[in-house]
Amino acid sequence: MSINVSNAVSWARDIAPSHYMLEIESFSGFTKMLTDNGTQFFKSKIFEASGYKWTFSLYPNGEGDGKGHISVFLCIEDTDALPLSWEIYTDLKFLIFDHKRDKYSIFQGGVVNRFHRLKPECGITKLVPRDVFDDAANGYLVNNKCVFGVEVFVLDSKFTREYLKPALKVDKTFTWKVSEYSKLNSQTRYSDKFTAGSLIWKLRLDSLGDSKSYGENLAVYLMLDPQNTCSRLLVYFLLRMRNQKSGKHKEMQLCRCFAPGSLGWGSSVFMSLTELRDSSNGFLVGDCIIIEALIKNVSTITS
C-alpha cells in the first residue's frame, strides 16, 4: 500500500540516514538504463534494520498514480519465520540529500506505518515532482548526482492478542436450596458442583456478606471449578434469589470473563439482609433460601 504525498517535507537535518543510503553518480544515466531495459524501478540489496530485513525501491519516473514524481517504497523481507498474523508498526522516513543546504530533507507519509502479511510494502508515490527534483536550484539533483536514504524504526508492537470465539448457547439453570440459613453465621458455603456447557461450576454464598459489606448484605458468586482445563471464557449469566411466595425474584445479570482457578463473579451486595429476613418478602421461608444460577451463553477466549 502506498501513500500519496506531494512535496511532504517534514523537516531537514544534518545527520545521514541510519539504515540505508543510495548515492547515484549519474541520475540521467541511471534513468536511461532503467528505461532502455523496460524496468520502472531500482531495488536495493537486503539490509537489516531494527531486527528485520528490508529492501528499498526507487521509481525515478513514478509508480501508479505517482507518474511525474519520484516514488519510493520500503518492503519487509524474509517473513516466512514470522507467525501468520504478524504485524509490524514502524516510524518510517525517506530522505533526500540537499546539496545546496548540506542537509537531508525528510519525507514522512504518516506518523506510523503498519506492515503485515497482506501489506509487506509501504511508501510514498508522490515524494517529489520530477520538475522540482530536476531543478538544481532545489538542491536535490546537482551535477547529475543525488542521494536517497531510508530510516525504519520498529515500534514496540509486542502486544497480547486474544480471539473471542462465537458464543455457545447454554441456557442451563442450577438450583441450590440452602436450608437452616440462620445457622450459617459468617461461614462461606459452596454449592454442589454442576455442569453447564461441558464445564463444571459451583456457587459461593457468604451469608453475612464479605469484607466490603459484612453484616449488611448477602453475597453470591458464580465460580468456575479449578478442575476445568479450558482457556479463558466470556460468560453471560444470571444469579437469582427465588421469591418463594411470588414471582418477584431478586435477579442480577452479568457478563464476565472466567478462568479456571480464578475468583468468581457475582456481587458482594446481592441482597440486603434486611430485605432477605423480612418474612413478608418471601425470600426466606422456613429458614430456607433458594439461589439459582442461569448460564445463558459461553464464548471461549484463546490467545
Is the backbone N or O of Ala196 less than 3.5 Å from a side-chain atom of Trp201, with the two atoms forming a donor-acceptor pair by type? yes

Between Glu63 and Thr125, do the side chains contain an N or O donor and an N or O acceptor separated by less than 3.5 Å? no

Is any side-chain heavy atom of Val150 closer than 4.5 Å to a side-chain heavy atom of Leu92? yes

Between the side chains of Glu292 and Thr175, does any donor sit under 3.5 Å from an acceptor? yes

Donor on one side chain, acceptor on other, Glu216 and Tyr214, under 3.5 Å: no

Ring center gap for Trp86 and Tyr52 short of 6.0 angstrom: no

Please find out if less than 6.0 Å separates the ring center of Phe56 from that of Phe47. no

Just by modelled atom types, is the Gly29 backbone N or O under 3.5 Å from a matching donor or acceptor in the Ser26 side chain? yes

Pair Phe153 + His19: ring centers closer than 6.0 Å: yes

Would you mind listing the cluster partners of Leu84? Hydrophobic ones only (ILVMFWY), side-chain contacts under 4.5 Å, chaining allowed. none

Side-chain (Asp135) to main-chain (Ala137) donor-acceptor, under 3.5 angstrom: yes

Sole residue of Thr35, Asp36, Asn37 in side chain to side chain contact (heavy atoms under 4.5 Å, CB included) with Met33: Asn37

Going by atom types only, do Ser272 and Asn217 share a side-chain donor-acceptor pair under 3.5 Å? no

Could you tell me whether the side chain of Leu74 reaches within less than 4.5 Å of the side chain of Cys122, counting heavy atoms only? no

What I want to check is whether the side chains of Gln108 and Asp91 have a donor and an acceptor closer together than 3.5 Å. yes

Tell me whether His69 contacts the main-chain N or O of Gly62 through its side chain, where contact means a donor paired with an acceptor under 3.5 Å. no

Counting only heavy atoms not in Gln40, do more than 12 fall under 6.0 Å of its CD? no

Can a salt bridge be assigned to the pair Asp225 and Lys193 using a cut-off of 4.0 Å between side-chain N and carboxylate O? yes

State whether the side chain of Trp265 and the backbone N or O of Leu222 hold a donor-acceptor pair below 3.5 Å, judged by distance alone. no

Does a donor on one side chain sit under 3.5 Å from an acceptor on the other, for Asp278 and Ser280? yes

Could you check whether any side-chain N or O of Asp78 sits under 3.5 Å from a backbone N or O of Lys53, counting only pairs where one atom can act as donor and the other as acceptor? no

Quick one: do Lys250 and Glu275 make a salt bridge, cutoff under 4.0 Å? yes

For Lys169, is the NZ atom crowded, meaning more than 12 foreign heavy atoms sit under 6.0 Å from it? no

With no hydrogens and no angle check, is any side-chain donor or acceptor of Ser207 less than 3.5 Å from a backbone partner on Asn185? yes

With sequence neighbours left out, the residues meeting ring pair (Phe, Tyr, Trp, His ring centres under 6.0 Å) with Phe283 are none

Looking at Phe148 versus Phe30, is the centre-to-centre ring distance below 6.0 Å? no

